[in-house]
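A short worksheet on the structure shown next.
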Amino acid sequence: MSGYSRDSHQTSHFGSEVENKFAGGRSMAQPSSAGELDAVRLETELLEQWKSENAFVSSIQNRKEGAPFIFLEGPPTANGKPGIHHVVARTYKDLVCRWKTMEGFRVERKGGWDTHGLPVEIEVQKRLDLMSNESIEQFGMDAFNQACRESVWTYEAAWREMTERMAYWVDLDNPYVTLDNNYVESCWWALKQMFDKGYLYRGHKVLPYCPQTGTSYSSHEVALGYKEVEEPSVYVKFKLTDEDASILAWTTTPWTLPGNVGLAVGPEVTYVRCRVKEAAGDSWTGAGGADVGEELILAKDLMKEVLRHHVEIIEEFPGSSLVGRSYEPLFPDAVPRMGSTTAWTVLEADWVTTTDGTGVVHTAVMYGEDDYNLGMEAGLPAHHTVGMDGSFIEGTHPELDGTYVKDCDATIIALLSASGGSNGKGPQSGLLYREKEYAHDYPHCWRTDHPLLYYAMDSWFVRMTAVKERLLEFNDEVEWAPDWVGEGRFGEWLRNVKDWAISRERYWGTPLPVWRTEDGQMKCIGSISELQEEVAKAVAAGIENPECPDDVDLHRPIVDGFTLLSDDGQPMHREPFVMDCWFDSGCASFAQWHHPFDGGEQFDASFPVDYICEGVDQTRGWFYTLLAVSTTVFDSKAYKRCLSLGLILDAEGKKMSKSRGNIVDPWDHFNREGADATRWYMVTAGAPWNPLKFDSNGVRETYAKMFLTLWNVYKFHADYAALDGFDPEASSSDTAQRPELDRWILSRLNTVATGYHESFVNWQFHKAGRDLEDFVVNDLSNWYVRRSRRRLWDEADSGDKLACQHTLHEVLTTLCRLIAPISPFMVDTIHRNLTGLAVHQSDWPLGIPGAIEGATADEWDEVAAKATATLPPHDSALEASMDLVRELAEAGRRVRIDNNRRQRLPCSKGFIVAGPDLSAFHDLLAEELNVEIIQVENDLDRFQRIELAPNFRALAPKARANVNDVANAIKSTEDPVGLLAQIDAGTATIMGILIERSDIEVKRVEREGFAAQTVEVTHGETTSHVSLVLDMNDTPELLSKGMARDITRRVQARRKTLDLDIEATIELEVWMENAPSMMAADEEWVATETRTSACIFHEKGATPPAGAEHFEVDGTVVHFTVV
RNA sequence: GCGCGGGUGGCUUAGUCGGUUAGAGCACCCGGCUGAUAACCGGGAGGUCGCAGGUUCAAGUCCUGCCUCGCGCACCA
């Protein structure tokens, strides 16, 4: 075993390897040795190299003839720090793009930034302390928007660093930016398309409104902010004008009561009029009440819920008979009658139910959607009691005017409770019947956390309801991963689609390009040149306007300054809104190319896009707005495939959020285990769409298992390859002629690669990664390399060594290519050193369909792809045999443990009983099992007996309810051999049922009394049973050999603790008591294995020196010294 | 309230058409192996597969109800 000396060159670091890589006239493909792994350094140095090589760009150029695969980046906002959850999304984006590139596709990846909208404004408002619209306007819209423009880039550097460090390959030097004039112009164009098609309209609608941000929200934004809150709800008496009775109504928003102008009842609902019989009991809490004799009207079904008094029912009647009754306004001056005849009367509405409240719905026209619609229908006065700032308007009530509505609950309750009530016309007990804390989910502002007010306001809408069917059709065409997000969640959203409220009364955003005359004529501008024309027209008609150059800034306040001219000569002013920022990103598929003004070819070739990938929280966000815009503008879907990622949770399963402070900093892992391990962990931890509990230990584990193992396999190969001057191109080794072990690992590689690819196609990246990791750790490292070590120790060039080197070369390079999309660093280093070629320039081992003439990304032509695949031959029989061999090796260890025989003590014989021919592996097995010789035993019954087991699947239909009894009879038969004979003869009957061979399984197990283990082998449909029997008898030769191995092992350990160089020689002396006598050959063997120059085995009885090492084995004490 | 997806040893998870012994990894314990790595091998302990019913000869798997977690929708009076 002279191999050790060949291990001498272990200290070279990969760093030096990179430097001298192309020096020295070595073949490009001839590997140099690897060093110890420093993953972080490897990655950062590689980043430098990629940068200097322009690796990303050249990976695309390399595929310039390939079919396009179009990826669209969902633009992040760069005004917040990136967290680990961003790394997850970017990993999935990147891996698909890298994979497709390797498959021969041309995958352009334009970066993008979302730069408009509320998040930016809020950030700036906080920083500049401009928390109201007035203060912004005082500060100056111009300066404010300038601040927004700058603020957008606050964390751009952090994003860029993260993106580069994790190796997300995307073009950040030439991104689309939503604030760019070109981008805005494309958005304008899109809006004009909608306007021309009649989809864009101006409406007056009750919308959730945030007084702090001064803006209303679309439904997808509202959905972001639901929160459970407990608030006072009130039951209020509405005193009839012509009778001494009050109608009870309930509201959870007392601030809407001054705006009350009607009461709605269900025409079919049964109401009662009842009289209070006695005073309330002590259990009454809170404000409100009623005196004995007061009469109240409410839905009969809700009396128990609502009333706290004993009452007598005076009358029952349907809601319809209440309709038209009038009542006293609660706050007489708050709302002017404005000529309405129906104000403060009872109205009917079929949506009134008796599930909550009193069956009577308080109606404040301006503060509820149903209220508003009913008010418009019934002719109620539409008058605001609340201003845009969220406080009561002057003239509502002296105690309320100017106060923020949410702060008025107590005042309103007090006013109502006063004797006679807030209007002085109520009963002595006041107009409040009862108050009750009420817990419900209420929408809050997704940026400021303030409760939203439902508020009637002017707004612009896109008529999504008009294209609902098209949305659903297009959605059906999208390949969703997972499919239930598309069918379920997204489909449900689309089926309930509402018109999209796209205008915002804000400052920083894409301005709404609609100009309007006072009498309502409108013009929508779709481009800068159109704006210039219109401005020119207006100027020609004598309307003063600022300059409108080609590069006019399309933001506020510049565009507000233009006054246009209507067809009939009236001045038109711009509607003072900006767009919902989700509209901007929804335009990305075309606005990124400045379509239709520029980039026509790029757009035509890239719409709809092939692939998008974002978190599932984008279902109502970007996934929706992309489709909404493409449907209304192009009557098309926007994307063909959408991967919807699960939420990222912390290790405890809590959502990662800024407010919780549980965001994991990706750099913690980039700087410890590296980006490879971080990415691999994220992908293999679970299905992409499942919530991912991000566990730091998991990253560590991935590093230790997957990457360290891979590196060591590589190092093992590279070190010997360098030493031997192995050049895969200069030599060859016929695969078919290689030893079984080589053909086995190559076949396994084929199997694993094929499965890996299939998993990729099915979006099962996690399964792909897990299986591959298992291959690397178990098959490659723990079996192939372990079994092959000695093959490379041989200094002489041999066919066997060459076979091993070629095999390792093939396995490693293929592995690198498979791993590269998920974790691109280490494999690039390995691939470069083994082949001279960067891995991201190389081909996907399972074929390059994108390079096939006339290919498109739509047709996953697996047949054509396979024709371009480069995988080693598959041999399932060989894989099965090796499986068995490995199981037998493990069985051997079990046998030894069961029979108390140490592993190093050889056995003379091992018998293999039954099973397929394994003669090709006998040498290997003998070594693994530490037996002198393997023998095949053909007389099965010598070591095995049979057991019968029922086959339920076959037996159940015949035996029905008796199947268990029949099964037990088969299992517990005293004479399985006899029973089997009967079955084969067709005469076996149990409980009247004829038992056939197919009803049972015959198991062979080892006989008691032998040192044996039986393993079950399944090959296709058939299972067989193979036993391993070890001969436990000792001979002096065996004992000597075993002792030699034990001594060697101890000496080697000693060498290691002495930190001796691997090729250093030692002097060894050994003293043994009660020992078997050592054979000379074994003493010789010890000396060679331990590189001993002078080896002395002392006579029995000699006394070892005091400082000698000693150990005990099977009752023998051995002393030794190493010098 | 409605919809979607989960709930399997301490943790992370696999589990095909329902088939009788629920499989791995981490951590733990014992043993082995090792000039082979942060590794590896054998064994052990640890599971009423969320709960309760039902269908069935047979249920982690199918059905019903419930509990629970996450997400989404609707929450309006």
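The residue from A:Val360, A:Thr358, A:Val306 that alone fulfils the side chain to side chain contact (heavy atoms under 4.5 Å, CB included) condition with A:Trp250 is A:Thr358.
Taking atom P on both B:A58 and B:G65, the two are 23 Å apart, rounded to the nearest angstrom. Distance check on atom P: B:U21 versus B:G25 gives 22 Å, rounded to whole Å. Taking atom P on both nucleotides, B:U8 is separated from B:C49 by 11 Å, rounded to a whole Å. B:C51 and B:C67 have their P atoms separated by 15 Å, given to the nearest Å. Going from the C1' atom of B:G47 to that of B:A14 covers 15 Å, rounded to whole Å. Nucleotides B:G15 and B:A24 are separated by 11 Å at their C1' atoms, to the nearest Å. Nucleotides B:C33 and B:G42 place their P atoms 14 Å apart, quoted to the nearest Å. If you take atom C1' in B:A74 and the same atom in B:G1, they sit 8 Å apart, rounded to whole Å.
At the heavy-atom level, A:Arg1045 lies under 4.0 Å from the strands shown only through sugar-phosphate atoms. Residue A:Tyr703 is classed as a base contact, given a heavy-atom separation below 4.0 Å to a base. Within the nucleic acid shown, A:Leu955 has no heavy atom closer than 4.0 Å to any nucleic acid atom. In this structure, A:Arg953 reaches the bases: a heavy-atom distance under 4.0 Å links it to at least one base atom across the strands shown.
Between A:Trp255 and A:Tyr454, the shortest heavy-atom distance links the atoms CH2-O, 4.0 Å.
Side chain A:Arg489 to base B:C73: no donor-acceptor pair is found below 3.5 Å. At a cut-off of 3.5 angstrom, counting only N and O atoms as typed in the model, there is no donor on one side facing an acceptor on the other between the side-chain of A:Arg495 and the base of B:C73.
One side chain, A:Arg791 or A:Ser788, offers a donor N or O that lies under 3.5 Å from an acceptor on the other. A:Ser644 and A:Trp480 share no donor-acceptor pair across their side chains, judged by distance under 3.5 Å alone.
Using a 4.0 Å cut-off, some side-chain N or O of A:Thr252 falls inside it from OP1 or OP2 of B:A77. Considering only side-chain N and O atoms, A:Lys693 lies under 4.0 angstrom from the phosphate OP1 or OP2 of B:U12.
Judged by closest nucleotide on RNA chain B, A:Arg770 is the one of A:Ile897 and A:Arg770 placed further toward the 5' end. Mapping A:His766 and A:Arg904 onto RNA chain B by nearest heavy atom places A:His766 at the nucleotide closer to the 5' end.
Between B:G35, B:C73, B:C4, one nucleotide has an atom nearer to the side chain of A:Asn496 than all others, and that is B:C73. Side chain of A:His362, nearest nucleotide from B:A77, B:C41, B:C71: B:A77.
A salt bridge links A:Glu673 and A:Arg700; the closest N-O separation between the charged side-chain nitrogens and carboxylate oxygens is under 4.0 Å.
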